[in-house]
Amino acid sequence: MRSMIHRNRRSHRVTAQRLLILGMLAVIGVLVTGCVRFPAPDSPPPTAPAVTPTPPGVQTDVPVEAPPNAEDCDATRSLRPPAQMPAPGRMPPRTTMADIVAHGRLIVGLDIGSNLFSFRDPMTGDIRGFDVDLSREITRAIFGDPGRVEFRVLSSAERVEALRTGAVDVVVKTMSITCDRLRDISFSAPYYVASQRILAVQNSAITGPAQLAGKRVCSARGATSIGRIQSIAPQARMVTTTTWADCLVLLQQGQVDAVTTDDAILAGLAEQDPWVRVVGPSLGEEYYGVGIPPGRDDMVRFINGVLERIRSDGTWWRMYNQWLSILDSGYGPPLVTYRD
Ligand code: GLU
């Protein structure tokens with residue numbers, strides 16, 4: 001009996017040793033031959049056809065608008081600044097500026113997608129550009145502190161309404177002074193002169209307005225650029241978007257053939273894409289002014305005083321050299337005349 005148990009134990013030990021040896025051989029075999037095979041994954045389902053997404057708010061049924069007009073009403077003649085500007089932080093009582101001081105900040109409507117004029121710096125998150133610097137100069141003149149400013153993002157089409165309803169104190173957003181707009185709001189004297197031009201892809205056959213017949217041309221809704229290009233190139237197929245950046249995306253995706261607006265804005269788009277370029281002659285001049293709510297003549301005069309100061313003390317050129325020198329427009333600050 002004892003010897004049987006003994007034999008059984010021995011044979012178990014032998015079996016275990018054999019299994020161990022076999023296992024080791026199997027592992028060595030796998031390592032040497034690299035023969036582990038996993039089942040192949042199921043092949044992915046067929047991909048969807050490549051449909052290019054469109055930015056929200058794109059419209060193609062664009063009604064015909066009148067070209068911008070600044071001559072008939074002498075739109076760029078604004079109100080004369082006060083003989084003596086109030087000291088920063090000491091606004092005369094019962095003025096629009098005193099109300100703004102009481103609210104603690106200047107609310108400025110602008111865009112954050114207009115490279116060079118007002119855009120969000122991707123590195124710092126700050127809103128920067130020529131129009132932003134101008135907003136801070138106005139803020140400094142009111143409060144004695146350029147930081148007391150709050151920005152509200154507006155599309156081109158929202159500017160007039162935001163001023164009419166008092167949603168913002170001023171609009172500083174590449175906004176052209178026109179007779180049409182002066183019916184609803186007020187403007188400062190001009191602070192910049194731009195020219196409407198065309199942006200096309202480098203190898204495009206579009207070199208000016210003559211090649212736009214039948215072509216899709218993009219502008220942001222609410223911009224003066226639409227009416228002007230419709231009057232110069234009536235055969236162009238107008239496409240409108242909410243922002244200028246959306247027009248660049250449509251051009252990059254081949255969904256429009258050209259973009260048209262002020263050279264100042266087009267230069268900012270061209271700076272973001274080496275494959276596009278500004279082409280053709282000036283299609284007309286655009287005088288940028290600070291948009292001011294209607295009936296605020298004290299604010300118009302005050303801001304014109306700020307503009308006089310930045311033109312005479314070198315601030316305008318410093319801002320131009322920082323943001324707009326790539327335009328090489330040859331224009332300095334606009335010549336200003338007042339109506340009283
Ligand atoms: N200067 C033109 C305008 O005021 C275009 C600029 C813009 O839409 O931002 O309509």
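Counting convention: from 1, in listed order, for ligands and their atoms alike. All values below come from the heavy atoms of this structure, side chains included, with hydrogens, waters and symmetry mates left out.
The aromatic rings of Trp317 and Tyr320 sit perpendicular, their planes meeting at an angle over 60°, well past the 30° parallel limit.
Note on Tyr191: it clusters hydrophobically with Ile142, by side-chain heavy-atom contacts below 4.5 Å among ILVMFWY residues. In terms of hydrophobic clustering, with Ile, Leu, Val, Met, Phe, Trp and Tyr side chains grouped at heavy-atom distances under 4.5 Å, Met238 and Leu212 are assigned to a common cluster.
Applying the ring-ring contact (aromatic ring centres under 6.0 Å, His included) rule to Phe117 yields the partners Phe130, Tyr192, Tyr288; only residues at least two apart in sequence or on another chain are considered. Applying the salt bridge (Lys or Arg N to Asp or Glu O under 4.0 Å) criterion to Arg148, with sequence neighbours excluded, gives no partner residue.
A donor atom on one side chain and an acceptor atom on the other are not found under 3.5 Å apart for Thr95 and Asp298. Looking only at atom types and distance, the side chain of Thr315 has a donor-acceptor partner in the side chain of Asp313 under 3.5 Å away.
Below 4.0 Å from some heavy atom of Thr261 lie the following atoms of ligand 1, by number and element: 5 (C). Which parts of ligand 1 touch Met175 is read off a 4.0 Å heavy-atom cut-off, strictly below it: atoms 4 (O). Under a 4.0 Å criterion applied to the non-hydrogen atoms of Ala223, ligand 1 contributes the atoms 5 (C), 8 (O), 10 (O). Residue-ligand proximity, Arg181 to ligand 1, at heavy-atom distances under 4.0 Å covers atoms 3 (C), 4 (O), 10 (O). For ligand 1, the atoms sitting less than 4.0 Å from at least one non-hydrogen atom of Tyr288 are 1 (N), numbered in the order shown with element in parentheses.
For atom 5 (C) of ligand 1, the nearest protein heavy atom (residue, atom name, distance) is Asp262 OD2, 3.5 Å. Counting only heavy atoms of the protein, atom 8 (O) of ligand 1 lies nearest to Ser156 OG, 2.6 Å. Ranking protein heavy atoms by distance to atom 6 (C) of ligand 1, first place goes to Thr174 O, 3.2 Å.
Looking at Arg228 against ligand 1, nothing comes within 4.0 Å, counting heavy atoms. With a 4.0 Å heavy-atom cut-off, ligand 1 is reached by the side chain of Ile265 but not by its N, CA, C or O.
Salt bridge present: Glu286 and Arg228 bring a charged side-chain N and a carboxylate O closer than 4.0 Å.
Ligand 1 has a nitrogen or oxygen under 3.5 angstrom from a nitrogen or oxygen of Thr224.
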